[in-house]
Amino acid sequence: IYSSDKLLTKSYFESYALEVYKEMLLLYCEKARQYVNSQCADLEPWQIIAATLLLTVGAVRAKAFLFQQESLTSRIKKQAFRLIRKIPFIGSSIQKKLNKALDDMSVSVCTLKEGMSYTKLLPAQGLTQKQVLDSIRQYQTLNEVQWTKGKVSGAVYWGDEKLTELLVKVYGEFAWSNPLHPDIFPGVRKMEAEVVRMACTLFNGGPESCGTVTSGGTESILMACKAYRDMAYERGIKHPEIIAPISVHAAFDKAAHYFGMKLIHIPLEKKTMKVDVKAMKRAISKNTAMLVCSAPQFPHGIVDPIVEVGKLAERYNIPFHVDACLGGFLIVFMEKAGFKLEPFDFRVKGVTSISADTHKYGYAPKGSSVVLYSDKKYRHYQFFVAPDWQGGIYASPSMAGSRPGGIIAACWATMMHMGENGYVDATRKVVQTTRTIAAGIHICVTMRHTMPGVAEHFINDVKEGVAVIMKNPKEKTTGMGAIYGMAQTIPDRSLVTEISCGFLDCLYSTEVPKVQKNHHTSKRNHMNGSSKTH
Ligand SMILES: *Cc1c(COP(=O)(O)O)cnc(C)c1O
Ligand SMILES: *[C@@H]1O[C@H](CO)[C@@H](O)[C@H](O)[C@H]1NC(C)=O
């Protein structure tokens, strides 16, 4: 548009077109009116009212049926498999296989030694201290997996003996403390506040950054999702959605399940195994409550493109959680240990929260983690307050009510004892060992693997194991390995859920399985327990 003359022409044309559209619309409305009236001419008023009522109810029902938490296709699939299991012959054969799998599992999970039995009643006369200590030795003999020798991936991140001694002392000092009562246990309150502050500083949080200590990574993730769900509710979102990479930890599935949210899984880029940021952008809708990335994720150990997703989070004003549960206390020290990384923490604009497990590479004992927020306004949505409880005003920061002060004290003691130099040193060792092992295969490397010879020994074991398999690749797998393999091929995922629930039941079993287990345990010993632990 170059001259005011043409401008005038254009606006004149536009208003003319608008007029034409208006006329046309009116004409169609009139036609529709005449058509509907002619169709209803023979109907009595009650018929029209009844039809309208039925249609409305039908439409509401149809909407409720079509749009549920679980997608239509997933529900149809489930129903189909449910029907298949009702078919006489096929159904019973599936049930037989299922029972066999459950039996196999209870045999390989609930291992007892010859002559051992379960305690099912309180001892009538309490045991003496010596008797108790003797008795736990018996329980220790059940261990077959040699984690102290560095024969498992992940699971125990250090467990150094000297550190254990210190932690036992510290736990003893605080065994009876409970941060639910800060007036009675002010020391634990101070320790928790300090653990959170030290973690905030490590992740480059600003002066408004904050957080809480939780019982583990899962609780940290649950709390962030809960906070963002409540924020979404406040913004009028009825069905809040979590947008996360498909590689994200299952704790997000758990959070979605517990808190009535929908988890939308975003595929990965094939080459890098990082989340596809474009697909993530496309998934954003008016229902989006939060975006998630991992640093790194559990399945492949890859760090997602946090800077790019941070830009999305800023642009659409959506909270953004970085799950650094696994490697948080490793990656914050990598730069000082001499390994360069892209920014992944509160330095990235858009990142509003981070979860990091002190009980993984923080080397603290199990039962501690932190969830951190860039600003106090997010943490408020995590808190729970029952102002009218008959027992008093009840305010608690996370899932639990009473919490183990001893664990918080032990976590604090670990961080203080490690210090920056300790962590940087540990990080250097772990990353170096990882590079050694990565030349052969990639596992979750911990301080246990940095002992001399462990990495080389592991690579040799893998080579030997593969050689054994390759000699007779068609040989039938047994025990948990067989169940795991079979589970991957079952199209009916509800069967997998059923078997897994059986597994959890098994963990609480105090019955000795009917079949004897020697056969299976000897198979497992073959690899000296260096098999999968998760
Ligand atoms: C371990 C882990 C979690 C969950 O932590 P828990 O302490 O097992 O509850 C979450 N995310 C990642 C990436 C993890 O590795
Ligand atoms: C497993 O342990 C046994 C006894 O400790 C040992 O003789 C054997 O060589 C080990 N096997 C492997 C594969 O490490």
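A quick note: this is a predicted structure, and the numbers were derived from the prediction, not measured.
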Q) Checking side-chain contact (heavy atoms from CB on, under 4.5 Å) for the pair R137/T141: CA distance, chi angles, key distance, verdict? A) CA-CA 7 Å; R137 232 139 268 140; T141 64; 5.8 Å; no

**Q.** Pair R448-V454, side-chain contact (heavy atoms from CB on, under 4.5 Å): steps then yes or no
**A.** CA-CA 8 Å; R448 284 279 153 202; V454 173; over 6 Å; no

Q: Evaluate side-chain contact (heavy atoms from CB on, under 4.5 Å) for Y423 paired with V332, printing each intermediate quantity in order.
A: CA-CA 9 Å; Y423 279 121; V332 291; over 6 Å; no

Q: With side-chain contact (heavy atoms from CB on, under 4.5 Å) as the test, would you mind laying out the steps for H300 and L268 before giving the verdict?
A: CA-CA 11 Å; H300 322 97; L268 309 181; 4.1 Å; yes

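Without hydrogens or angle criteria, H449 side chain to A455 main chain gives no donor-acceptor distance under 3.5 Å. Between the side chain of S215 and the backbone N or O of S368, no donor-acceptor pair lies under 3.5 Å. Under the 3.5 Å distance criterion, the side-chain polar atoms of Q382 are matched with a main-chain donor or acceptor of P397. Here the side chain of K349 pairs no donor or acceptor atom with the backbone of E314 at under 3.5 angstrom. Counting only distance, with no hydrogens or angles, the side chain of D304 and the backbone of V275 share a donor-acceptor pair below 3.5 Å. Panel note: side chain E219, backbone M399; a donor-acceptor pair is recorded below 3.5 Å. With hydrogens and angles ignored, the 3.5 Å screen pairs no side-chain donor or acceptor of K429 with any backbone N or O of M447. Looking at H380, its side chain never comes within 3.5 Å of a backbone N or O of K377 through a donor-acceptor pair. Of the possible polar contacts, none joining the E192 side chain to the I408 backbone as a donor-acceptor pair under 3.5 Å is found. No side-chain donor-acceptor contact under 3.5 Å links S374 to the backbone of S209.
Note that the CG atom of D375 and the CZ atom of F346 stand 10.0 Å from one another [nearest 0.5 Å]. Separating the CE atom in M231 from the CD1 atom in I318 is a distance of 10.5 Å, to the nearest 0.5 Å. Atom NE2 of residue H249 and atom CG of residue L326 lie 8.5 Å apart, to the nearest 0.5 angstrom. Separating the CG atom in D345 from the CG atom in L372 is a distance of 10.0 Å, to the nearest 0.5 Å. Rounded to the nearest 0.5 Å, atoms CZ (F384) and CG (D230) are 10.5 Å apart. How far NE2 of H265 is from CD1 of I242: 9.0 Å, rounded to the nearest 0.5 Å.
Nearest heavy atom pair, residue C293 against residue I306, reads CB-CG1, 3.9 Å. Between Y363 and A426, the shortest heavy-atom contact is OH-CB, 3.6 Å. In plain terms, the two heavy atoms of V188 and S177 that are nearest each other are CG2-OG, 3.2 Å. In plain terms, the two heavy atoms of C325 and G217 that are nearest each other are SG-CA, 3.5 Å. Shortest non-hydrogen contact noted between C210 and V196 is C-CG1, 4.0 Å. Shortest non-hydrogen contact noted between A255 and L222 is CA-CD2, 3.4 Å.
Within the 4.5 Å cutoff, side-chain heavy atoms of L312 are placed close to those of V277. Side-chain contact between M415 and T358 is present, with at least one heavy-atom pair separated by less than 4.5 Å. Between M116 and L142, some side-chain heavy-atom pair lies under the 4.5 Å cut-off. Looking at heavy atoms from C-beta onward, C225 lies in side-chain contact with M261 at the 4.5 angstrom threshold. Contact annotation: the side chain of M280 approaches that of P245 to within less than 4.5 Å [non-hydrogen atoms, C-beta and beyond]. Under the 4.5 Å side-chain criterion, counting only non-hydrogen atoms from C-beta, I459 is in contact with K463. With contacts defined as side-chain heavy-atom distances shorter than 4.5 Å, the pair P365/T414 qualifies. The shortest distance between side-chain heavy atoms of R197 and E194 does not fall below 4.5 Å.
Other residues, nucleotides and ligands place more than 12 heavy atoms under 6.0 Å from the NZ atom of K376. Heavy atoms from other residues, nucleotides or ligands lying under 6.0 Å from NE2 of H257 number 12 at most. Counting non-hydrogen atoms of other residues, nucleotides and ligands closer than 6.0 Å to NZ of K366 gives a total above 12. Shown here is R189, whose CZ atom has no more than 12 heavy atoms of other residues, nucleotides or ligands within 6.0 Å. For CD of Q131, the number of neighbouring non-hydrogen atoms (other residues, nucleotides, ligands) closer than 6.0 Å is greater than 12. E269 CD: more than 12 foreign heavy atoms inside a 6.0 Å radius.
The aromatic rings of Y378 and Y228 sit perpendicular to each other, their planes meeting at more than 60°, with 30° as the lower class boundary.
Here the rule is ring pair (Phe, Tyr, Trp, His ring centres under 6.0 Å) with Y361, and of F333, W158, F329, Y157 only Y157 fits it. Screening S220, S353, S355 for a side chain to side chain donor-acceptor pair (under 3.5 Å) with D323, the sole residue that qualifies is S355.
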